[in-house]
Structure formats: structure tokens, C-alpha cells
Asks: 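Mind having a look at this structure? Questions to follow.
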2 protein chains.
Amino acid sequence: MATIALVDDDRNILTSVSIALEAEGYKVDTYTDGASGLDGLLHAPPDLAILDIKMPRMDGMELLRRLRQQTDIPVIFLTSKDDEIDELFGLKMGADDFIHKPFSQRLLVERVKAVLRRAQAREAAARPDSETPKSDLLERGKLSMDQERHACSWEGKPVTLTVTEFLILFSLAQRPGVVKSRNALMDAAYEDQVYVDDRTIDSHIKRLRKKFKAVDNSFDMIETLYGVGYRFREQA
Amino acid sequence: MATIALVDDDRNILTSVSIALEAEGYKVDTYTDGASGLDGLLHAPPDLAILDIKMPRMDGMELLRRLRQQTDIPVIFLTSKDDEIDELFGLKMGADDFIHKPFSQRLLVERVKAVLRRAQAREAAARPDSETPKSDLLERGKLSMDQERHACSWEGKPVTLTVTEFLILFSLAQRPGVVKSRNALMDAAYEDQVYVDDRTIDSHIKRLRKKFKAVDNSFDMIETLYGVGYRFREQA
DNA sequence: AGCGCTTGCCACAATTTTGCGACTTTCTGA
DNA sequence: TCAGAAAGTCGCAAAATTGTGGCAAGCGCT
């Protein structure tokens, strides 16, 4: 799942927050002061950073300022009552949220999820227009796939695919004529590096072929390369 | 320009007021009694309603009460001296203004403009997010939703939705055929900084389906895509 | 303090998807 | 041609994911 960096000089907070976040399935990197925090954030960028606003060597605000010169990782600040003056400035610098001490773990986790959700949406919204010219629409002869709609059809006739099947076929069809090893297909279908048996991929391929043959018995777009992997046939 | 509904049993008032308002460029819908007025107001919601307080079949007060269950269209009452006792009640119900008979057309027009201006300001204030120029009306086959009035109906029959339900359905219906992940729906329904469990979205979907099925048992516009999210069915 | 309504979430049932063992069939190269 | 190695299939039970009924906390109004 997502990685979260935690920068705070208070060991107690560091451990209790770590535990709370890890319980939710997040990976947590901890740093005990601003300087090493900045270093860590830049070298091993997390999906979200939680910074204490008061810290030795470099306070949270300064850390944020420097961080923003390089990245726009979402940031949540931990503040005490007297730090409120800084919040306006923090917001301007691009802080995403503030949590006032003392805080419940429940609140913290909620905010973390909210910020990650927003960041994810922001990212998704930023992608389509700027880079990644390949839209999530794919047309290959009689096959057409639409990621956004999670729809797939052959000769116009709809074919219902599960998530895994969709991802595998999408990966194959994206580059017709190019062989994809089973490992490559696993990477396409699974987020992290889960390892599944080779035979599992075969199973998915089997199901894909079956579903397409149900619609067009002469379907044979998915070729097997003995000892190598699978390939989506070139030209329709 | 704006549409104004006029409900009065007195033909003279109906025609003279219509002429006055149309001269100002407004579109005017007229109804001659409370019952048909309510019907018309719900099916073809105007920007403002002018109601006579005394009418056969259903008086203005009752009409307002029922209207408020569905929408918050601005309302101006026409009253005679004897009706003054009701004004307090009318205000509570959300009437926006009272005009005492007899009244000059000039006065009427002024009041109308004032109320519309206020309504517009209110509406702008309620939606501080600078963007969101998307239209407030949404028609998708048998479904119609009006963001302004927060009204929703299926095959013309009103369906009462809570805020969250409304936002979720609106988000889905806005792009029929497109899958929305639970996260995307959360974004549509909640402020930043609020995180709710994935299953909460399921709950809302459950309630939505229930409400629509109560009106049309064959309702199945909200599709579930296993492992992906929800989708509003394409075509009516 | 007492409603009535919304809402988030939990627990349990119902469904769907998926991984993989066990076999069979096909392919390759000596 | 024959012995592996590799790929195709089947069938299932485990895993995931979703559908639901309910409940209790939170809120706005009395």
C-alpha cells in the first residue's frame, strides 16, 4: 500500500503514530528531525508526509518550503495551539491539512486517508490532459477496450471481463505483435510484486479465450509463444 | 431569462400579472388552482413562484408546505388584508415575500426582481467552489435531477434524496457508462478532510437503489463492477 | 430532553473472482 | 521417436468484494 513519512522529534508520537498507520496497512518511514527528514523525503519519496511543525535543526515550515522546490508530495502538519499563526502560511506553501495536538489516532488515520484520496484524484485528473497521450481507449481491429468505462467488446459485441482479465488483455493488446512474458503480465495485472504461479496466468488466458470464443468462435488473437509468453496478434 | 410560475384563481390577476412580467422578459407559467399549481411547479420548476394565498382545492399555504418537501423555489405570496395572520406562518415555511392586494404592477415587478436577485446570490454563496460551471439540471432518460433545488425524479415521480445520496447519484449520472471508484464517489460527496469507509458508499448505493425501486421496481440503472466501482447504465 | 432524519459502519450472508494442484496435451531437441 | 519441459484444462476452495439489515451517534428542531 502507500508509504507515509513521519518527521517528529518526539519519540512517543513517532511510535504511536507509526503503529496506528501500520495497523492500517501503510508502510511508515520515520525521521527524528527536519534535516534528516528532508533528506529522506527527497531520496525515498513517500506518498504522504506528516511533519511536526516544531522541530530541532529545521522546523516543519522550513522543511516544507524546501520540499516544495522539488516535489509536491502531500503534507499534513502536526500543530499545537500556539502554532496557529503559521497555518495560513502553511496553507500557502501547499500544506494539505493540519492536525492539532493532542489528536486521536482515529482522527489522524481519517485525515491521512482523506489527503491520500485527494492526492490520488488530483493525480488522475492531471494525467489525461498533460502527458500520457495514450488515452485509456484502445482499438485493435475488432477489439475495443475502454478503461474508463471498464468496457470491452469484440466486433461491437460486449465482452464482460474481470479486473485481472481486463488488465492482462489490455497489456497484451497495447502492443500487438510484442511478446509478453508471464512475469510482464503479472506486473501489468498486479499493483505490487505479488508472485503468482505461471499456471495462474495460463488460467486467465484460458478464461479470456473462452469469453471471446463465446462471442466469435474463430477468435485467435491471443497467441502462445512456446517457452516465452503470450502475444496479441498483429493486424486484425 | 427566468421562468415564473403564477398560481391564482382570479383570471384578471392572472392575465394582468402575466402581461406585466412578460413585458419584463420573463417566461410565465400560469395555473388556476393550488392542486394543478403544485403539479406544475414540481414538473416544470420555475425560478420563482407567485401564489395567491386563497384558492380553491388547495390554498397557497398548503401548496407551499408541500412544495417545500421537494424544492426550495423562492415564493412570493399574494395576500389580502384578512390574510395577514398567516404571514408569520408563511415566513416560517420559507416564503420569500408578501404582496398585499391591491398592488401596482410596478411594485410586483420590483419585488420579483429583488427575490430573484436574492435567490441567485444565495445560490452563488452555497457553491463557493469557484469552478463547477456544469449545468445544474441533469436529464438521463427517466431520471432527472436538479442540483439547485436538490430535486430528483424518476419517470416524473419525485424521489426524495438526502444530500449524500444526491451527490453520489449526481456524480454517477453525470457520466453514464463511466465507472466511478468508491474514492471518486467520496470525492464527489464529501469535503476534503473527510474520509469514510469504502463500505459506506455501498450503504448509500443500497439506499439509492431502494428508494428508486420503491417508485419503479424494475429500476436497475446503478451497476456494480466487481472490484472496480459503480456505473450508471448508459442509454435509458 | 425528546423527536425524526441522516449517516457511518459493523456483522453476516451472498456472490464473484482467483490461485493453484492435478492431469492431459503439445512442443522441442537430442 | 522419445523423454522432458511447457502450456492447456478442470474443478474447487480460499479470498475478495458486495448486498443488507440494523444500530447508535450526530444534528437540527421543538
Side-chain angles (χ1 to χ4, degrees), chain A residues 1 24-25 104 106-107 109-110 113-114 117 150 152 159-169 172 179-183 185-186 188-214 219-220 222-231, chain B residues 65 68-70 72 89 91-94 150 152 159-169 172 179-183 185-186 188-191 193-214 219-220 222-231:
Chain A
M1 212 199 226
E24 291 292 316
S104 70
R106 166 103 179 71
L107 175 73
V109 170
E110 177 175 311
K113 287 185 175 175
R117 168 164 59 83
H150 199 265
C152 168
V159 177
T160 312
L161 303 181
T162 68
V163 188
T164 313
E165 288 161 3
F166 194 97
L167 290 172
I168 287 179
L169 180 58
L172 284 172
V179 201
K180 297 267 189 170
S181 71
R182 288 181 174 67
N183 271 327
L185 292 175
M186 282 182 219
Y190 306 95
E191 286 283 325
D192 28 25
Q193 322 137 321
V194 216
Y195 175 81
V196 292
D197 196 272
D198 274 2
R199 221 95 331 279
T200 295
I201 299 295
D202 294 4
S203 279
H204 286 298
I205 295 288
K206 175 192 63 173
R207 289 166 184 145
L208 276 168
R209 285 172 171 156
K210 190 174 174 185
K211 285 186 177 179
F212 280 89
K213 281 205 172 183
F219 178 87
D220 65 343
I222 302 178
E223 302 175 284
T224 302
L225 281 277
Y226 194 93
V228 188
Y230 295 98
R231 181 169 67 182
Chain B
R65 198 182 62 73
R68 279 288 174 268
Q69 295 176 355
Q70 303 283 141
D72 40 46
F89 182 64
L91 271 177
K92 263 193 190 163
M93 290 301 299
H150 219 278
C152 168
V159 177
T160 312
L161 301 181
T162 67
V163 189
T164 315
E165 288 161 2
F166 190 94
L167 291 173
I168 288 178
L169 181 58
L172 283 173
V179 198
K180 298 270 188 167
S181 70
R182 289 179 174 69
N183 267 347
L185 293 175
M186 282 184 215
Y190 304 93
E191 311 285 319
Q193 310 190 359
V194 181
Y195 177 85
V196 294
D197 195 87
D198 271 5
R199 308 312 313 284
T200 296
I201 299 294
D202 294 14
S203 280
H204 287 296
I205 296 286
K206 169 186 62 176
R207 289 165 185 146
L208 277 168
R209 284 173 172 156
K210 193 171 175 185
K211 286 185 177 179
F212 279 89
K213 282 207 172 181
F219 179 87
D220 65 342
I222 302 179
E223 301 175 283
T224 303
L225 294 233
Y226 194 97
V228 187
Y230 294 98
R231 184 170 66 180

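Being a predicted model, the structure only gives us computed values, none of them experimental. Every chain is numbered from 1 and lettered A, B, ... according to where its sequence line falls, protein lines coming before strand lines.
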Asks: Rounded to the Å, how far apart are B/R207 CZ and D/dT20 P?
Replies: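 The distance from CZ of B/R207 to P of D/dT20 comes to 13 Å, rounded to the nearest Å.
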
Asks: Could a donor-acceptor pair under 3.5 angstrom be found where the side chain of B/R199 meets the base of D/dG19?
Replies: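 Looking at the base of D/dG19, it does pair with a donor or acceptor on the side chain of B/R199 (distance under 3.5 Å).
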
Asks: Is it the case that B/T224 and B/R209 place a side-chain donor and acceptor less than 3.5 Å from each other?
Replies: yes

Asks: Looking only at side chains, do B/Y195 and B/N183 share a donor and an acceptor under 3.5 Å apart?
Replies: no

Asks: Is there a side-chain polar atom (N or O) of B/T164 under 4.0 Å from OP1 or OP2 of C/dT7?
Replies: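 Yes, such a contact exists.
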
Asks: Could you state the interatomic distance from CG (B/D197) to CE (B/M186), rounded to the nearest 0.5 Å?
Replies: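 Answer rounded to 0.5 Å: 7.0 Å.
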
Asks: Do the side chain of A/T200 and the base of C/dC20 come within less than 3.5 angstrom through a donor-acceptor pair of N or O atoms?
Replies: no

Asks: Between the base of C/dC5 and the side chain of B/T162, is there a donor and acceptor pair under 3.5 angstrom?
Replies: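 By the distance-only test, no, there is no pair.
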
Asks: Could you please name the option among D/dT18, D/dA7, C/dG8 that lies closest to any side-chain atom of B/Y190?
Replies: C/dG8

Asks: Please state whether the phosphate of C/dG19, meaning OP1 or OP2, lies under 4.0 angstrom from any side-chain nitrogen or oxygen of A/H204.
Replies: yes

Asks: State which of D/dT18, D/dG21, D/dG19 makes the closest approach to the side chain of B/S203.
Replies: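 Between D/dT18, D/dG21, D/dG19, the one nearest the side chain of B/S203 would be D/dG21.
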
Asks: When rounded to the nearest 0.5 angstrom, what distance separates NZ in B/K211 from CD in B/E165?
Replies: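 Answer rounded to 0.5 Å: 3.5 Å.
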
Asks: Starting at atom NZ of B/K206, determine the distance to atom P of C/dG8, rounded to an integer number of angstrom.
Replies: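 B/K206 atom NZ is separated from C/dG8 atom P by 12 Å.
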
Asks: Between A/I201 (CD1) and D/dA6 (C1'), how many Å, whole number?
Replies: 15 Å

Asks: Contact class for A/T224 (heavy atom, under 4.0 Å): base, sugar-phosphate, or nothing?
Replies: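 The answer is sugar-phosphate, as A/T224 gets under 4.0 Å only of primed atoms, P, OP1 or OP2.
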
Asks: Quick one: A/Y226 OH to C/dT25 P, roughly how many Å, whole number?
Replies: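 Going from OH in A/Y226 over to P in C/dT25 covers 15 Å.
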
Asks: Starting from C1' on D/dG19, measure out to NZ on B/K213 and report it in whole angstrom.
Replies: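 These atoms are roughly 11 Å apart.
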
Asks: To the nearest angstrom, how far is B/D202 atom CG from C/dA14 atom P?
Replies: 17 Å

Asks: For B/L185 and B/I168, work out which heavy atoms get closest and say how close.
Replies: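 So the two residues come closest at CD2-O, 4.1 Å.
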
Asks: Could you tell me the separation between the CG atom of B/D197 and the C1' atom of D/dT18, rounded to a whole number of Å?
Replies: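 One finds 13 Å between C1' of D/dT18 and CG of B/D197, rounded.
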
Asks: Quick one: A/E110 CD to D/dG26 C1', roughly how many Å, whole number?
Replies: 14 Å

Asks: How do A/G227 and A/K210 order along DNA chain D: which one's closest nucleotide is nearer the 5' end?
Replies: A/G227

